[in-house]
Each structure stands twice: as structure tokens, then as C-alpha cells.
Amino acid sequence: QVQVVDTGGGLVQAGGSLRLSCAASGRTFSSTTMAWFRQAPGKEREFVARIRWDGSSTYYADYAKGRFTISRDNARNTVYLQMNSLKPEDTAVYYCAVTTRLVFTIRPSDYDYWGQGTQVTVSS
């Protein structure tokens with residue numbers, strides 16, 4: 001079993017920055033792929049970014065490219081999402097997720113463990 005706790009959300013003005021953190025425990029963290037998803041009210045959960053178990057590969061949704069950066073610290077069993085140049089449309093609950101699947105995937109259904117979510121609100 002894996003426990004996932006995501007933190008770091010808050011209220012920020014448009015153009016501002018936030019850093020989300022995701023702490024995972026309960027299994028060999030370094031062998032998992034981690035990702036961030038988000039869900040705005042009335043919308044489906046969507047992919048934000050993912051990072052391979054060794055940090056050698058990252059992938060971003062188009063809207064996140066150039067503004068968001070995902071990174072991981074396996075020594076601390078933690079993944080981060082640095083979000084810069086935030087826009088009101090980035091307002092959502094952000095979720096950290098873990099998959100043990102070795103294939104590349106950005107489908108929420110392929111992720112086995114989820115954090116409780118952290119609210120990000122960007123005001124205009």
C-alpha cells in the first residue's frame with residue numbers, strides 16, 4: 001500500500017507562483033512514476049505533468065509547458081510541482097498520483113494511488 005499526501009495549494013494572484021509537494025510512503029518510491037492531475041469544478045480530472053521513477057523523463061500537458069516544472073527527490077520520497085505565471089484558468093484541485101505501471105501513461109485510471117488533493121485558486 002502507498003500513502004500519498006499532497007500539499008502546498010493556496011490563493012495567489014494571476015502571474016504568481018506556487019509550489020506543490022507530494023510525499024509518498026509505503027513502498028519503494030524510487031520505482032514508481034509520479035504525476036500531477038487537476039480537476040476544476042464541473043470538469044473532468046485532467047493530466048498536468050508526470051515524471052519517471054528516476055527523474056530522467058518528464059512530460060507535460062500543453063498548457064503546462066514553459067510554466068510548470070515537475071521534479072522529484074527520491075531521498076525524501078517527494079515530488080514537486082513548481083507553477084509559475086499562474087492564470088485564473090489554472091484554478092482547480094490538484095492531485096498527486098502514483099502508478100506502478102512501467103508503460104508511459106497519462107490516464108487517471110492507470111494511477112493506483114492518489115493524494116487527497118490541494119486547492120489552487122488564482123485570482124484575476
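No experiment lies behind these values; they were computed from the predicted model shown.
No continuous path of ILVMFWY side-chain contacts below 4.5 Å connects Val5 to Val2, so the two sit in separate hydrophobic clusters. Under the 4.5 Å side-chain heavy-atom criterion for grouping Ile, Leu, Val, Met, Phe, Trp and Tyr, Tyr63 is connected to Leu20 within one hydrophobic cluster. Tyr80 and Tyr60 fall into different hydrophobic clusters, defined by Ile, Leu, Val, Met, Phe, Trp and Tyr side-chain heavy atoms under 4.5 Å apart, directly or through other members. Residues Ile70 and Phe104 are members of separate hydrophobic clusters, defined by side-chain heavy-atom contacts under 4.5 angstrom among Ile, Leu, Val, Met, Phe, Trp and Tyr. Cluster membership for Leu81 and Val12, using ILVMFWY side-chain heavy atoms within less than 4.5 angstrom, is shared.
What you find for Thr121 and Gln119 is that their closest heavy atoms are OG1-NE2, 3.3 Å. Across Ala64 and Val48, no two heavy atoms sit closer than the pair CB-O, 3.9 Å. In plain terms, the two heavy atoms of Ala14 and Pro88 that are nearest each other are CB-CD, 4.1 Å. Residues Arg67 and Leu86 approach most closely at NH1-CA, 3.9 Å, considering heavy atoms. Considering all non-hydrogen atoms of both residues, Thr91 and Ala40 come closest at O-CB, 3.7 Å. Minimum interatomic distance between Val4 and Gln116 (heavy atoms only, all atoms of both residues): O-OE1, 3.9 Å.
Remark: Arg19 engages no residue in a salt bridge (Lys or Arg N to Asp or Glu O under 4.0 Å) (not counting sequence neighbours). Listed by chain and number, the residues in a side chain to side chain donor-acceptor pair (under 3.5 Å) with Gln39 are Arg45 (sequence neighbours excluded). Legend: residues meeting salt bridge (Lys or Arg N to Asp or Glu O under 4.0 Å) with Glu46, ordered by chain and number and at least two apart, are Arg38. Remark: Ser124 engages no residue in a side chain to side chain donor-acceptor pair (under 3.5 Å) (not counting sequence neighbours). For Lys65, the salt bridge (Lys or Arg N to Asp or Glu O under 4.0 Å) criterion is met by Asp62, not counting sequence neighbours. For Asp110, the salt bridge (Lys or Arg N to Asp or Glu O under 4.0 Å) partners two or more places apart in sequence, or in a different chain, are Arg101, Arg107.
Here the CE atom belonging to Met34 is positioned 9.0 Å from the CG atom belonging to Asn74, to the nearest 0.5 angstrom. To the nearest 0.5 Å, the span separating CZ on Arg50 from OG1 on Thr58 amounts to 9.0 Å.
Ring geometry for Phe37 versus Trp114: interplanar angle of 30 to 60°, hence tilted.
Applying side-chain contact (heavy atoms from CB on, under 4.5 Å) to Tyr113 and the options Val98, Thr32, Thr99 leaves one that passes, Val98. Of the listed residues (Cys96, Ser21, Cys22), just one forms a side-chain contact (heavy atoms from CB on, under 4.5 Å) with Thr7, and that residue is Ser21.
Side-chain contact of Thr118 with Asp6: a donor-acceptor pair under 3.5 Å is absent, judged by distance alone.
Using a 4.5 Å cut-off on side-chain heavy atoms (C-beta onward), Met83 and Val120 make contact.
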Kindly indicate, with the supporting measurements, whether the criterion side-chain contact (heavy atoms from CB on, under 4.5 Å) is fulfilled by Phe68 and Trp36. CA-CA 11 Å; Phe68 295 0; Trp36 289 93; over 6 Å; no
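Under the 6.0 Å cut-off for aromatic ring centres, Tyr111 and Tyr95 do not qualify, their centroids lying 6.0 Å or more apart.
Side-chain atoms of Arg72 come within 3.5 Å of backbone atoms of Arg52 as a donor-acceptor pair (strictly under, hydrogens ignored).
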